Structures are given as C-alpha cells and as structure tokens.
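I have placed the structure first, in the form of structure tokens, so that the comments after it can refer back to it.
Only this structure's heavy atoms are used, side chains among them; waters, hydrogens and symmetry mates stay out. Lettering of chains follows the sequences in order, A, B, ..., and the numbering in each one begins at 1. This one's a predicted model, so the numbers in the text were calculated from it and none came from an experiment.
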Protein chains: 2
Amino acid sequence: MAALWRLSILSNGASELNDMAPRSRSPGPRAAHDSVDHTGENRVSDDEVFARIHSAIAQQQLPPGTRLREDEMRQIFGVSRARIRNVFSRLAYAGVVTLEPNRGASVTRPSVKEAREIFVARRTIEATIVAEVAQRITRKDVVRLRDHIAREVDAEARRDRAEMIRLSGEFHLLLADIAGNAVLKKFLTELVTRESLVIAAYETPGRPSCSNHEHSRILEALVLKDADKATMLMQEHLDAIVSRLDLDRNSSQSIDLATIFS
Amino acid sequence: MAALWRLSILSNGASELNDMAPRSRSPGPRAAHDSVDHTGENRVSDDEVFARIHSAIAQQQLPPGTRLREDEMRQIFGVSRARIRNVFSRLAYAGVVTLEPNRGASVTRPSVKEAREIFVARRTIEATIVAEVAQRITRKDVVRLRDHIAREVDAEARRDRAEMIRLSGEFHLLLADIAGNAVLKKFLTELVTRESLVIAAYETPGRPSCSNHEHSRILEALVLKDADKATMLMQEHLDAIVSRLDLDRNSSQSIDLATIFS
DNA sequence: ATCTCGATGATTGTCAACAATGCAAGCTCT
DNA sequence: AGAGCTTGCATTGTTGACAATCATCGAGAT
C-alpha cells in the first residue's frame with residue numbers, strides 16, 4: 001500500500017489519489033465541450049507511459065531499487081499488463097530499469113563501474129553537442145536558454161528541490177535540441193536519467209548543487225560562439241557533478257562484506 | 001511466402017556477431033533450474049531473438065524497408081507472438097526497426113538527416129573509445145586484433161562480402177570491448193547497425209570497402225599507444241565510409257518528384 | 001534459539017482466442 | 001472505362017485466463 005502511494009507520483013499531475021477507475025476520468029470542473037477526448041476514451045499510448053516513468057526516474061521521484069509491480073502500474077496508467085510489460089522491456093533496454101526473471105522490474109541501482117562509464121559517455125556526448133551549439137546558436141535560442149536559467153534560479157530561491165533537478169537536466173536536453181541531432185539527444189536523455197540514478201545512489205548529503213551559475217557561464221561562452229571555452233566549462237560542470245558524489249566509500253562498503261566474512 | 005525464404009537467414013545461428021546484452025543483468029549462477037524446458041524443445045530467450053534480428057540487420061541481410069511480419073517471425077524462432085512483439089518494441093527503441101500503428105514492423109529506412117546524425121554520433125563515440133584503448137591496450141588485445149584483421153583480409157581474398165561486412169563492424173565492437181565501457185559499447189552497437197542500414201540505402205555500387213587496411217593502420221598506432229594518431233586515423237576511416245556513399249543524390253531524388261510536377 | 005522444510009499467497013511468464021484495422025480485389029453505377 | 005463503394009482476407013492490437021515461480025511465514029526438529 002505504501003508502495004502504491006509512492007508510485008502515485010506517476011499519475012496525472014493533479015494531486016489526486018490513485019484513482020480506482022483506470023480510464024476516462026473526465027475531470028468534472030472542465031467545460032463540457034472542451035477539446036479533450038474526442039475519441040470517446042482517453043487512451044494513453046505506450047510512449048507516454050514510457051516517458052512518464054522515464055522522467056519520474058530522472059527527477060528522482062523513484063529512487064534506485066524501487067520495485068515496479070505490473071499490476072500497480074496497470075492501475076495507475078489504466079493500461080493492460082501486456083503494454084506495461086512492453087514499456088518495462090524498453091526501459092530495461094534503456095538501462096533505467098532492471099528486469100530479473102520471475103522477480104519483475106525495479107529501478108536500476110547503478111554500480112560504481114556503471115556510474116563511471118556513464119560519466120565518460122556523457123562527457124563525450126556533451127562535448128560534441130556544445131561544439132555544435134556554439135556553431136549554430138541563434139538569438140532565439142539564447143532567449144530560450146536565458147529564460148530557462150531564470151527558472152532554475154527561481155526554483156533554487158524557492159528551495160524547490162524537485163523542480164531544480166528537473167530543470168537542471170532539462171537544460172542539457174535543451175542544448176541537445178539546439179544542436180539538432182536526434183540521435184545524440186536520445187543518448188543524452190538516457191544518460192541524464194541514468195546519471196540521476198547514480199546521484200540518488202551515491203550523493204553526499206548537504207552539498208548544494210547550485211548548477212545554474214555554471215549553466216549561466218556556459219551560456220555566456222556560447223553567446224560569444226567560443227566553442228573551446230564552452231566545451232571546457234561544460235567539462236568542468238560535469239566534473240563538478242561527479243565531485244559531489246562519493247563513489248569510493250560505497251564501493252568499499254560492498255567490499256567490506258566480502259572481506260569481513262572470509 | 002517468398003518473404004519467408006528471405007527471412008530464413010535468421011533461423012540458422014551461424015554467425016554470432018554482437019552478443020550484446022540488450023536487457024539487464026542476468027547473473028549466471030542461477031543455473032540450478034536453468035534449462036527447465038518442460039516443452040522438450042530448446043527455448044530461445046527474447047534476448048537471443050533480439051540479437052539475431054539485430055545482427056542480421058547489421059550484416060545487411062535484411063535491407064531497409066523489409067517487412068517483419070509477426071507470424072513469420074513467430075514461426076522462424078518458434079516463440080509466441082507476444083514475445084516477438086516485445087522484441088520488435090525494443091528494436092524500434094534501438095532505431096533499427098520502425099513500427100507503424102496497425103501496419104506492423106519493418107526494417108528502418110534511414111533518412112538523410114538521420115544518416116548524418118548517425119555519422120556525427122559515431123565519430124564522437126569512436127574517438128573516445130580509441131583514446132581509451134590507446135591507454136589500456138595489452139599484448140593480448142593486440143593479438144586478438146591482429147587475428148581479427150587477418151580474418152578480414154581472408155574474407156576479402158575470398159570475396160565473401162557478407163563476412164566482410166560482419167567482420168568490419170565487429171572490429172569496432174572489439175575496440176569497444178577493450179575500452180571496457182559497456183555504455184559506450186551499447187551505443188556503438190546501435191550506431192554500427194544503423195550505419196549499416198544507411199550504407200545499404202545509399203551506397204554507390206562498385207566501390208570496394210577495403211577497410212581492413214585502414215583497420216590495420218589504426219591498430220599500428222594503437223600498438224605505439226599514440227592516441228592522437230589513432231584518433232586521427234579513426235576519423236579518416238569513418239569519413240572514408242561516408243565518402244563512399246551518395247547522400248545528396250538520393251535526397252534530391254525525393255525533391256525531384258515534388259519540383260517536376262509543380 | 002535457530003535451522004530446515006513445506007504450504008500458501010502474491011507476482012510474473014506464457015499463450016491462444018477474440019476484436020479491430022488496413023489492404024486489395026471485385027462490384028455497381030454513371 | 002473510371003470513381004466510389006463493398007466485401008473478404010491478412011495482419012496487427014488487446015484481453016483475460018492459466019501456468020510457473022518466488023517470497024513469506026509458521027511448524028517441527030535439533
């Protein structure tokens with residue numbers, strides 16, 4: 001039961017409890033002839049379910065190890081088990097969910113090795129994206145990015161941690177959009193989410209993220225079309241994220257168990 | 001029914017190219033009741049089916065646009081439709097198969113834009129991999145790579161085109177193995193296959209690939225641990241692959257129809 | 001007290017039947 | 001003949017039931 005409450009984050013943005021009627025909620029306060037739902041039933045596509053779970057993980061609403069039961073999910077999204085299963089399968093391929101035979105799905109708990117691999121991969125891809133953005137950035141893009149950073153500052157002022165995490169990841173995806181390479185964006189989306197899992201697993205408490213200032217500096221370099229500087233700042237930014245973690249302690253923890261009982 | 005013959009290449013498990021693990025970890029030591037097999041037949045896992053189709057596409061045995069009917073596949077692999085469907089879903093996420101509602105699955109026909117994005121992404125990732133390999137390559141690795149290139153030369157001497165394609169892609173995945181980054185290897189596996197599709201769609205006939213010599217030069221640089229040179233050679237190698245294609249002509253073809261009849 | 005073993009409920013894995021959809025051939029009417 | 005409609009077939013989409021498996025918990029033995 002507690003688990004179902006926890007997962008209720010996934011249901012529609014409105015803070016409603018887990019609705020027992022899976023489909024066709026048709027919220028009352030809306031006008032009768034609203035433009036919604038012209039096909040009778042409000043069907044949720046598999047891609048939507050995928051995206052919902054994916055971003056919930058990215059925003060650290062589902063910590064590593066969280067079990068994702070098929071039946072719960074079926075109720076929450078109002079789809080059949082077969083489709084949930086399909087979504088899990090893709091999420092597993094994306095590396096954000098772990099499937100164990102006859103044990104079902106759970107949010108991936110990344111290993112230290114995996115964490116390091118993710119960082120390396122992300123550095124590589126972000127470098128290319130930044131270089132690309134420096135070449136093709138427009139005034140309109142600059143406005144969008146400034147606006148985004150303003151929202152980040154605002155979220156930090158309000159101490160809205162969930163929003164900060166969301167916006168922080170979104171900034172990088174925005175850059176990927178501007179770079180205009182869908183393949184790289186897909187990879188980066190996956191990496192951002194997986195890195196979010198790493199942070200959730202290995203973060204040292206109390207250290208502020210404060211990444212909006214770093215984002216701001218990267219943007220300034222991009223405005224000047226200084227690709228080298230922007231790349232360098234991006235690398236520093238990503239390294240700073242890593243430096244806030246403690247990968248060694250936790251890795252030695254698992255060694256402890258092995259050595260102590262030998 | 002001619003289509004079934006064409007797809008029958010999938011049934012024999014002759015060549016195991018990239019045996020990547022598309023799913024999550026499945027720790028072997030659970031082998032107590034591993035092959036229960038109450039049906040009397042050797043069950044193939046979803047991952048196997050995934051890998052088979054994936055590598056068949058990588059080896060250009062299934063050209064772009066090939067329809068993949070659920071029932072055919074069910075017969076070929078001896079699994080139920082539900083599982084085929086799951087596999088298709090993951091292949092679609094990997095970008096090598098395209099799913100259209102109520103139309104089913106077909107091998108992706110990459111657009112020119114997509115092709116360019118794939119090349120950029122691949123260049124990025126291969127650069128990181130090569131740099132990593134230059135640092136950590138061992139004598140044993142060198143032997144493996146030399147051996148592999150020897151097989152490439154042999155395949156070329158025998159004019160075994162299918163084998164050449166297979167080995168050529170495998171060389172890069174071998175480097176990814178040596179680099180030891182599973183995340184990057186997964187990305188590269190996907191990119192190699194998608195690039196294979198691009199080649200199948202846009203290749204200019206008659207131009208030999210002859211990549212084993214380029215592979216050889218890259219290896220020599222790696223033996224000397226000259227990361228810069230190896231990276232440069234790799235970039236040239238990848239550019240050479242692109243230069244053998246004709247992306248512009250085919251893109252203008254589709255424009256032709258629009259302009260001529262206007 | 002702790003360990004082993006077995007029963008039980010919860011959860012996942014599999015499948016086959018049924019419904020919905022799209023495609024193509026044939027038919028009708030002008 | 002040709003445009004539009006209808007019908008039949010091939011294929012995909014969905015669902016629910018059933019089988020297999022795992023986790024939990026308690027009884028009994030050491």
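Rounded to an integer number of Å, the gap from CG of A/D71 to P of D/dT15 is 14 Å. One can place CD of A/Q75 at 11 Å from P of C/dT11, the figure rounded to the nearest angstrom. In this structure, A/F88 places its CZ atom 14 Å from C1' of C/dG13, rounding to the nearest Å. Rounded to a whole Å, the CZ atom of B/R83 is 18 Å from the P atom of C/dT12. In this structure, the CZ atom of B/R67 is 7 Å from the P atom of D/dT11, given to the nearest Å. Rounded to whole angstrom, the span from the CG atom of A/L99 across to the C1' atom of C/dT11 amounts to 14 Å. Distance B/E72 CD to D/dA10 P: 14 Å, rounded to the nearest Å. Between the P atom of C/dA10 and the CZ atom of A/R74 lies a distance of 15 Å, rounded to the nearest Å.
OP1 or OP2 of D/dT15 lies within a sub-4.0 Å distance of a side-chain N or O belonging to A/S80. For the pair B/R85 and D/dG13, the criterion of a side-chain N or O lying under 4.0 Å from OP1 or OP2 is met. Listed pair B/R103 / C/dC23 meets the phosphate criterion, a side-chain N or O lying under 4.0 Å from OP1 or OP2.
The nearest heavy atom of DNA chain D to A/D46 and to A/N102 marks one nucleotide each, and the one closer to the 5' end goes with A/D46. Position along DNA chain D of the nearest nucleotide to B/E70 versus B/A82 favours B/E70 as the more 5'-ward residue.
Among all heavy-atom pairs drawn from B/R90 and A/S89, the shortest one is NE-OG, 3.2 Å.
In this structure, the side chains of B/V198 and B/E203 stay at 4.5 Å or more apart for every pair of heavy atoms.
For B/R81 and D/dG13, a side-chain-to-base donor-acceptor distance below 3.5 Å is present, hydrogens and geometry of angles not being considered.
Put simply, the residue from B/E117, B/E190, B/E195 that forms a side chain to side chain donor-acceptor pair (under 3.5 Å) with B/R122 is B/E195.
Shown here are the ring pair (Phe, Tyr, Trp, His ring centres under 6.0 Å) partners of B/F119, two or more places apart in sequence or in another chain: there are none.
The aromatic rings of B/Y93 and A/F50 lie tilted to each other, with the angle between the two planes from 30° to 60°.
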